[in-house]
Colleague: 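One structure follows; several queries about it will come next.
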Number of protein chains: 2
Amino acid sequence: MSSPSSTPPERATLPAANPPSEKPSGANPSGPNLAGANLSALRDHNAAAVLALVRAAGSGVSRVELARASGLTAQAISKIVQRLGDDGLLVEAGRGASTGGKPRTLLALVPDARWAIGAQLGRDALTVLRADLTGRVVADRQVPIDLAGWGPGRVLDLLTEQVSWLLGAVPRERVLGVGIASPGPLDQHAGVLHQVTGAPSWDRLPLRDEVAGRLGLPALIEKDSTAGVLSGLGSPNRAFIHLDRGLGAGLVLGGTVQRGARTNAGEFGHQTLDPSGPRCRCGNTGCVEALWAAARNPREAAGVLGEAIANLVRLLDLDEIVLGGREVLAAPELYLAEIRAVLTDRLPDPTWQPVTVSVAPSGPNAVALGAAGLVLARLFG
Amino acid sequence: MSSPSSTPPERATLPAANPPSEKPSGANPSGPNLAGANLSALRDHNAAAVLALVRAAGSGVSRVELARASGLTAQAISKIVQRLGDDGLLVEAGRGASTGGKPRTLLALVPDARWAIGAQLGRDALTVLRADLTGRVVADRQVPIDLAGWGPGRVLDLLTEQVSWLLGAVPRERVLGVGIASPGPLDQHAGVLHQVTGAPSWDRLPLRDEVAGRLGLPALIEKDSTAGVLSGLGSPNRAFIHLDRGLGAGLVLGGTVQRGARTNAGEFGHQTLDPSGPRCRCGNTGCVEALWAAARNPREAAGVLGEAIANLVRLLDLDEIVLGGREVLAAPELYLAEIRAVLTDRLPDPTWQPVTVSVAPSGPNAVALGAAGLVLARLFG
DNA sequence: GCCACTTAATCCACGCTGTTGTTTAACTGG
DNA sequence: CCAGTTAAACAACAGCGTGGATTAAGTGGC
């Protein structure tokens, strides 16, 4: 309020006032600072921040480091760590090297303290998996389905069955919930699918509540490409490019997943890239997806994608691109090389460099793992 | 933690722990939840939330409404309003109609409790203005400059002089600071300009600290197009399209201004829209900016912009587009009509509708007013 | 014109948060 | 062995929003 020169203050995210209001302000779903916060929200926020810091550190962080990184006092960290320990989420795991005094006690996540279920509802396959707190997949399964042909009933039966298998003897109170990734468009707030192309029987299906009811677990739904961006940690300004049957992008900007006004952001495949290009199934001409499909060879196809990604990087000033989806996984080296080449060519200015391009390490599980990440976010904020 | 079905909890933004750590976590500038929050941060957050709600309401909100909208209890709102009143920011302004009991006491901002200075450093003009808490411009001035030719010294002298004139007898402790919008690229965190095209003498200039030092006021810098999006309230998912000498976009996504990894997001003019198009001054071919410039008539130019905006809306799921910049202001009706037509044509699917398209009401002051909004954000969060 | 009823806002006591100041624990180095 | 140093916990505390009771200020029936 008084220093003559200052950077904008660092900001953190914190849950809104919780106990009294289940759904605080009716309007303005993704509004900015309109929600107040009370003490329990503060506590939850700080607990989540500490957990996120421990997770980000990989293995072994001391309380001192947590205090420094969080901006909280050592005493506050002590208390928070104590609470998290009581909940079974954190344990002391060894000691660090002394720097001249008492050595630091290292803290680590208890991976199996909680579990998250992730599912990807694809057009021709259902992928389900169970992930621990560190985001490691401990069990996964992929079964063929026919999303449009079978209709919701049969697919949901199968989903329920698969999730039950995944959970086995895991105590249900240790399961954070089920995240379900689906092709868009959908309404994430309402938990309802919209008209999935070619699958009219799924239109207006209350997928979230249906799954939650069948399994007795909290459920969340997410667009597949958006889920993908949550499959791992990474830059606060990154995109997950999902090239499968269609082309989508999941966006994390300013450290936050971006879903847009109607939770349908990431429609990357239908960016017009060449108005004189081939007609696309969406009705317009020269969409990235259509140009990709019309490419004469894989290298050219990867180049088209690279052009579109270059646009994305420039527009949003990203520094990390993660690739996923079957088309990419079929020729990962080709896509990596070609996209990197286009980015270097199109963005020579150091203002836009460096940009890290990689293939999602979780491979074919990326989207389902991201869906699990959605429920993990309840702990990590 | 236990309800079987749940939407993701509403989130609010809150400043990080403040007193002890001026700059909490060295790394990860726009990281997510890595920063903890203490009680004073909680208080500041809630005060900002209440002020933002009062501002958003326009004129006259009661404590009851604030409690409902914020999720806080009536008692908490009472205390917060009291504190804000003591600071001179809020006053009671009349009574609402009774709904069967004691009528609600309406609260309103005190517009001249604090002031914000905004400046736009253009290539050929310097715009400065003073705005009150409601975002109303009470004084403004535009003077011609030659950014590239004059060099920093002369321009900064002029800026200092103009700001002093704007402030007049205003007590300096009531001035929140100076926001300065400039053509990019720049490093907002460091407060330093980069190579502004055609103006090498400005490269690496520590603009923020220079201005802060000369005026003895807090200063912030921002890309011009990004500043523009802060010139008024609006949807949590909106873009400001700035068509002047160049073409840029300011983005508010998820209720937060997005600046990207290197604070240079919004490079909208050099989105490739047609690889076979004319060569652009940036070196690539078929950039929106080049296509716009090559258009045979104004209507076609507006149509090119519309195509690019359609891409943007689809990618980010925006529901509001605000237009600004001299080229738009020269023919606002044409741009509005053409862009709306393209959007309706390209995005017939109700998933992407409605999208509001408008011209910034602050007109030629939009960017400078947005720069002022940058410092107002210190109060409103 | 009175009075029961309703709604708004405050008063007061309280629980819980992170903070400050102090003490104990555990290791380094001369 | 002991002074010095760093980590972590203990104890007292200030300040936040909460909950329950109280006061303020209207409406509407009779």
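Computed from a predicted model, the values in this text were never measured in an experiment. Numbers restart at 1 for each chain; the letters A, B, ... are given by sequence-line order, proteins then strands. In what follows, every heavy atom counts, from backbone to side chain, and hydrogens, waters and symmetry copies are set aside.
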Colleague: According to salt bridge (Lys or Arg N to Asp or Glu O under 4.0 Å), does anything in residues 97-107 of chain A pair up with another residue at least two apart or in another chain? List the pairs.
Modeller: none
Colleague: Please state how far atom CZ in Arg104(A) lies from atom P in dT5(D), giving the value in whole angstrom units.
Modeller: 16 Å
Colleague: Ignoring backbone atoms, test whether Arg63(A) places a side-chain nitrogen or oxygen under 4.0 Å from the OP1 or OP2 oxygen of dA9(D).
Modeller: yes
Colleague: Output the residues of residues 85-92 of chain A in contact with DNA chain C, where contact means a heavy atom of the residue under 4.0 Å from an atom of the strand; sort by number or write none.
Modeller: none
Colleague: Identify, with sequence neighbours excluded, every residue that meets salt bridge (Lys or Arg N to Asp or Glu O under 4.0 Å) alongside Arg130(B).
Modeller: none
Colleague: Verify the contact: side-chain N or O of Thr73(A) to OP1 or OP2 of dG18(C), cut-off strictly under 4.0 Å; return yes or no.
Modeller: no
Colleague: Could you give the CG-to-P distance, from Leu106(B) to dG26(D), as a whole number of Å?
Modeller: 13 Å
Colleague: Among all residues two or more places apart in sequence or in another chain, which pass the salt bridge (Lys or Arg N to Asp or Glu O under 4.0 Å) test with Arg55(A)?
Modeller: none
Colleague: In whole Å, I'd like the distance from the NE2 atom of His45(A) to the P atom of dT17(C).
Modeller: 15 Å
Colleague: List in chain and number order the residues that pass side chain to side chain donor-acceptor pair (under 3.5 Å) with Asp317(A), two or more places apart in sequence or in another chain; answer none if no residue qualifies.
Modeller: Arg262(B)
Colleague: Under 3.5 Å, which N/O atoms of the protein pair with N/O atoms of nucleotides 1-6 of chain C?
Modeller:
{"unit_1": "dT6(C)", "atom_1": "O2", "unit_2": "Gly100(B)", "atom_2": "O", "d": "3.4"}

Colleague: Please identify each residue that fulfils side chain to side chain contact (heavy atoms under 4.5 Å, CB included) with Leu39(B), with sequence neighbours left out.
Modeller: Leu39(A), Leu42(A), Leu42(B)
Colleague: Which residue pairs pass the salt bridge (Lys or Arg N to Asp or Glu O under 4.0 Å) test when at least one of the two sits in residues 81-101 of chain B, sequence neighbours left out?
Modeller: Arg63(B)-Glu92(B)
Colleague: Residues in side chain to side chain contact (heavy atoms under 4.5 Å, CB included) with Ala57(A), at least two apart?
Modeller: Val61(A)
Colleague: Report the C-alpha distance between Gln75(B) and Ser78(B) in whole Å, list the side-chain angles of each, state the deciding distance to 0.1 Å, and finish with yes or no for side chain to side chain donor-acceptor pair (under 3.5 Å).
Modeller: CA-CA 5 Å; Gln75(B) 182 55 33; Ser78(B) 249; 5.0 Å; no
Colleague: Which is more 5' along DNA chain D, the nucleotide nearest Pro103(A) or the one nearest Gln75(A)? Just name the residue.
Modeller: Pro103(A)
Colleague: Expressed in angstrom and rounded to an integer, what is the separation of Arg95(A) atom CZ from dA26(C) atom P?
Modeller: 7 Å
Colleague: Kindly give the atom pairs (protein nitrogen or oxygen, nucleotide nitrogen or oxygen) under 3.5 Å for nucleotides 12-16 of chain D.
Modeller:
{"unit_1": "dC16(D)", "atom_1": "OP1", "unit_2": "Arg43(B)", "atom_2": "NH1", "d": "2.6"}

Colleague: So does Ser78(A) get a side-chain nitrogen or oxygen closer than 4.0 Å to the phosphate oxygens (OP1/OP2) of dA9(D)?
Modeller: yes
Colleague: Taking the side chain as C-beta and beyond, is there a heavy-atom pair between Val257(A) and Leu251(A) under 4.5 Å?
Modeller: no
Colleague: Whole angstrom is fine here: how far is it from CZ in Arg68(B) over to C1' in dT7(C)?
Modeller: 15 Å
Colleague: Nearest-Å distance, CD (Glu65(A)) to P (dT6(D))?
Modeller: 15 Å
Colleague: In whole angstrom, what separates Asp44(B)'s CG from dT17(C)'s P?
Modeller: 20 Å
Colleague: Once side chain to side chain contact (heavy atoms under 4.5 Å, CB included) is applied, do any residues pair with Ala56(B), and if so which ones, sequence neighbours excluded?
Modeller: none
Colleague: Have Asn237(A) and Ser235(A) got a donor and an acceptor in their side chains that come within less than 3.5 Å?
Modeller: no
Colleague: Between Leu66(A) (CG) and dA8(D) (P), how many Å, whole number?
Modeller: 9 Å
Colleague: Taking 4.0 Å as the cut-off, does a side-chain nitrogen or oxygen of Ser98(A) come that near to OP1 or OP2 on dT6(D)?
Modeller: no
Colleague: Residues in salt bridge (Lys or Arg N to Asp or Glu O under 4.0 Å) with Asp132(B), at least two apart?
Modeller: Arg136(B)
